[in-house]
S.K.: 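Here it is: the structure, laid out below.
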Protein chains: 2
Amino acid sequence: MTETRPRRGSETRTGILDQAETAVLEKGFAATSIEELITAVGITKGGFFYHFKDKSELAQALLQRYIDRENELFVDLFARADELNEDPLHGFLVALKLLAEMMADLPNAHPGCLVASVCYQDQLFKREVRDLNAVGILGWRRRFRTRFDLIAERYPPRIEVDLDHLADMLAALADGGIILSKVTKDKTLLPAQFMLYRDFVRAVFLGTDPT
Amino acid sequence: MTETRPRRGSETRTGILDQAETAVLEKGFAATSIEELITAVGITKGGFFYHFKDKSELAQALLQRYIDRENELFVDLFARADELNEDPLHGFLVALKLLAEMMADLPNAHPGCLVASVCYQDQLFKREVRDLNAVGILGWRRRFRTRFDLIAERYPPRIEVDLDHLADMLAALADGGIILSKVTKDKTLLPAQFMLYRDFVRAVFLGTDPT
DNA sequence: TCCGAACTGCACCCGTGGTATAGTTCGCAA
DNA sequence: TTGCGAACTATACCACGGGTGCAGTTCGGA
C-alpha cells in the first residue's frame, strides 16, 4: 500500500474543514482567516499549509465535502422512504415529510447552505469552484426529475408543469427557506416550506378533488 | 431652508452605494474593499469617510436603500396589476406574471439579493443591520398575507394551507431562484419559478378541475 | 466675504495571506 | 533496530491593503 499524499481522513484536516465550514457560514469566506482556523484547531500555520497549499484549495475541499455529504443524505433518505412505500409518488411524499422533520431543529441540523454562500461570493473563487457549485445544483435537478418521470407515468399530471422546473423548485425552496429561517430566526419556516411543496406536488399529480 | 447634514442625494454618495452594491453581490461584503470603491468612484479615502463614518455604516445604508427600492417596486407592481384586473386573485396572478417578465433578463434586472448576501455573512454586521434584514423579509410576508386574506374571502381555498407560509413561499422562491439562476447561469430559471408559484396559487384557490 | 459642505492628501498601524526553512515526533516497514 | 517519510512545530519575515485620523483645500451659495 503506497500511501503517499496526506491521508484524506487525517483528523487535523477534517478538523480544519469543520471549523472552516461553520466560520464560512457565519461570516463568509473572505472574512474567515486562516489564523482563526488554526488557533481553533490547535495547529500552526505550517500545519495548515501542509494540508492545503492555498486558501482557495480549502474552499474547494470544503464545497466538495459539502456536496458529497448532501448527496449521501438524499440517497439515504429516498432509500428509507421507498422502503416504507413502494409507490413512487407516495414514496416521494414520505421522503418530503422526512426531510421536513430532519430540518425541524434548525440551525443545529443545517446552519446554512454552502452552495448559497459560495454563490454570493463567487468572484472570490476560481472557475473550478464555481463549476463545482453548478454541478451540485444540477445534481438535485437530475435526482428529482427522474423521480417525477417515474411518478408521471403512473399519475398523469393534473396541472401542466415542466418537471425540470418542479425539480428545481425544491432546491430553490430549500435555499430560500434556509435564508428566511436564518434571517427571521424562525426554525419552523423551513420545514413548513417543504410541507407546502409537498402539497403542491400532491396537487400536481393527484388534483385537489375530494379524496 | 436649513440644509445642514450632507445631502443624502449627493452624487458621490449614491455613486459609492452603486459601486458597493454590485461589488458586494459579486464578492461579499468583507472582500469589498473601500479602496476599490473609491478608485471606481474617483474620490479619496477621506471622501469616503466623510459620507460613512464606518464600513458598517455603508452596509446599513446599502441594505436600507435596497429594501426601500424593493418596497417601491412591489407597491408599483400591484398598483399596475390591480388596474388591469380588479379581482384580487386575478390581479395577483397578473402581478406574478409581470414579476416573472421583469426578472426575465437576469442578471441585468437583478444581479442578486442583498438580503441573502447579508444573511450569509451576518456575523460581520451589528444587530442593527441584521434586524433591518429581518424587517425586510417580514415586510414581504405581511404584504402577501393581507392579499391572500382578501383572496380567500372570495375564493375559499381548495387546498388547506397556512396563508403566512404561502406568503413566505414567494420570498423563498425568489431568493432560492436567484441563487439557482446565478449558479447555473440560466436566466430562465427564476421567471420559471415565479410561474410555477403562480400555478400553485391558482390551484390553491381555484382547484385543478377543468377550467 | 465668509461659512460650511465636500472633499484631498498624507501618515499610521496592524492583520492577513503567503513563503521559507530548520527542526521534531511518531508509527510503520524492512 | 534502524530509518524513512508523514505530519507536523517553531520562527522569522514580507508585502499589501484595510481601517482610522486629521489637517488642509476647494468651492458654491447666503
Side-chain angles (χ1 to χ4, degrees), chain A residues 1-24 26-63 118 121 123-126 128-129, chain B residues 1-24 26-62 117-118 121 123-126 128-129:
Chain A
M1 293 289 157
T2 43
E3 188 76 50
T4 331
R5 301 159 308 175
R7 289 169 295 176
R8 303 194 86 244
S10 153
E11 273 180 36
T12 307
R13 190 188 157 92
T14 61
I16 296 172
L17 287 173
D18 289 343
Q19 201 63 35
E21 186 162 332
T22 63
V24 167
E26 278 175 359
K27 303 181 296 191
F29 188 74
T32 298
S33 70
I34 294 176
E35 208 95 20
E36 104 185 64
L37 296 180
I38 63 179
T39 59
V41 176
I43 55 170
T44 62
K45 234 176 195 176
F48 176 89
F49 284 105
Y50 174 76
H51 288 286
F52 307 96
K53 78 161 206 278
D54 220 50
K55 207 188 178 191
S56 138
E57 203 174 282
L58 171 69
Q60 198 168 335
L62 211 56
L63 191 58
V118 167
Q121 301 165 59
Q123 289 309 311
L124 289 179
F125 306 102
K126 351 182 168 177
E128 222 171 345
V129 177
Chain B
M1 295 288 157
T2 43
E3 189 77 48
T4 332
R5 302 158 308 174
R7 289 169 295 175
R8 303 196 86 243
S10 153
E11 275 179 35
T12 306
R13 189 189 158 93
T14 62
I16 296 172
L17 287 172
D18 289 342
Q19 201 63 35
E21 186 162 332
T22 64
V24 166
E26 278 175 358
K27 302 182 295 191
F29 188 74
T32 297
S33 69
I34 294 176
E35 205 96 18
E36 99 185 70
L37 296 180
I38 63 180
T39 59
V41 177
I43 55 171
T44 62
K45 240 173 194 177
F48 175 89
F49 286 104
Y50 173 76
H51 289 286
F52 307 96
K53 77 162 204 277
D54 219 53
K55 209 189 176 190
S56 137
E57 203 175 284
L58 171 69
Q60 198 168 336
L62 212 55
S117 177
V118 167
Q121 300 164 61
Q123 289 310 311
L124 289 178
F125 307 102
K126 351 181 166 174
E128 222 170 346
V129 176

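In what follows, chains carry the letters A, B, and so on, assigned in the order in which the sequence lines appear, proteins first and then strands, with residues in each chain numbered from 1.
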S.K.: Rounded to the nearest 0.5 Å, how far does CD of B:E21 lie from CG of B:L58?
M.R.: 10.5 Å
S.K.: What is the distance, rounded to the nearest whole Å, between atom NZ of A:K55 and atom P of C:dG17?
M.R.: 5 Å
S.K.: Classify the nucleic acid contact of A:T44 as base, sugar-phosphate or nothing, counting any heavy atom under 4.0 Å across all strands shown.
M.R.: base
S.K.: With respect to the phosphate group of C:dG15, does any side-chain polar atom (N or O) of A:S33 fall under 4.0 Å of OP1 or OP2?
M.R.: no
S.K.: Rounding to an integer number of Å, can you tell me how far A:R13 CZ sits from D:dC8 C1'?
M.R.: 15 Å
S.K.: Could you check A:S56 against B:G46 and say which one's nearest nucleotide on DNA chain C is further toward the 5' end?
M.R.: B:G46
S.K.: Would you indicate, yes or no, if D:dC8 has its OP1 or OP2 atom less than 4.0 angstrom from a side-chain nitrogen or oxygen of A:S10?
M.R.: yes
S.K.: So how far is it from B:Q19 CD to B:E36 CD, rounded to the nearest 0.5 Å?
M.R.: 7.5 Å
S.K.: For the pair made of CD1 in A:I38 and P in D:dA7, what is the distance, rounded to whole Å?
M.R.: 18 Å
S.K.: What distance do A:T44 atom OG1 and A:Y50 atom OH have between them, rounded to the nearest 0.5 Å?
M.R.: 12.5 Å
S.K.: Using OP1 and OP2 only, check whether a side-chain N or O of A:H51 sits under 4.0 Å from D:dA6.
M.R.: no
S.K.: Please indicate whether A:E128 has more than 12 foreign heavy atoms, meaning atoms of other residues, nucleotides or ligands, lying under 6.0 Å from its CD.
M.R.: no
S.K.: To the nearest Å, give me how far apart NZ (B:K27) and C1' (D:dG18) are.
M.R.: 13 Å
S.K.: Rounding to an integer number of Å, can you tell me how far B:E57 CD sits from D:dG19 P?
M.R.: 14 Å
S.K.: Tell me what B:K45 touches on the nucleic acid: a base, only sugar-phosphate, or nothing, going by heavy atoms under 4.0 Å.
M.R.: base
S.K.: Does B:T32 reach a base, just sugar-phosphate, or nothing at all? Heavy atoms under 4.0 Å.
M.R.: nothing
S.K.: Can you confirm whether A:I34 sits close enough to A:F52 that some side-chain heavy atom of one is under 4.5 Å from a side-chain heavy atom of the other?
M.R.: no
S.K.: Within this structure, what is the OH-to-P distance between A:Y50 and C:dC26, rounded to whole angstrom?
M.R.: 16 Å
S.K.: How long is the line joining CZ of B:F49 and P of D:dC22, in whole Å?
M.R.: 13 Å
S.K.: To the nearest angstrom, how far is B:I16 atom CD1 from C:dA6 atom C1'?
M.R.: 11 Å
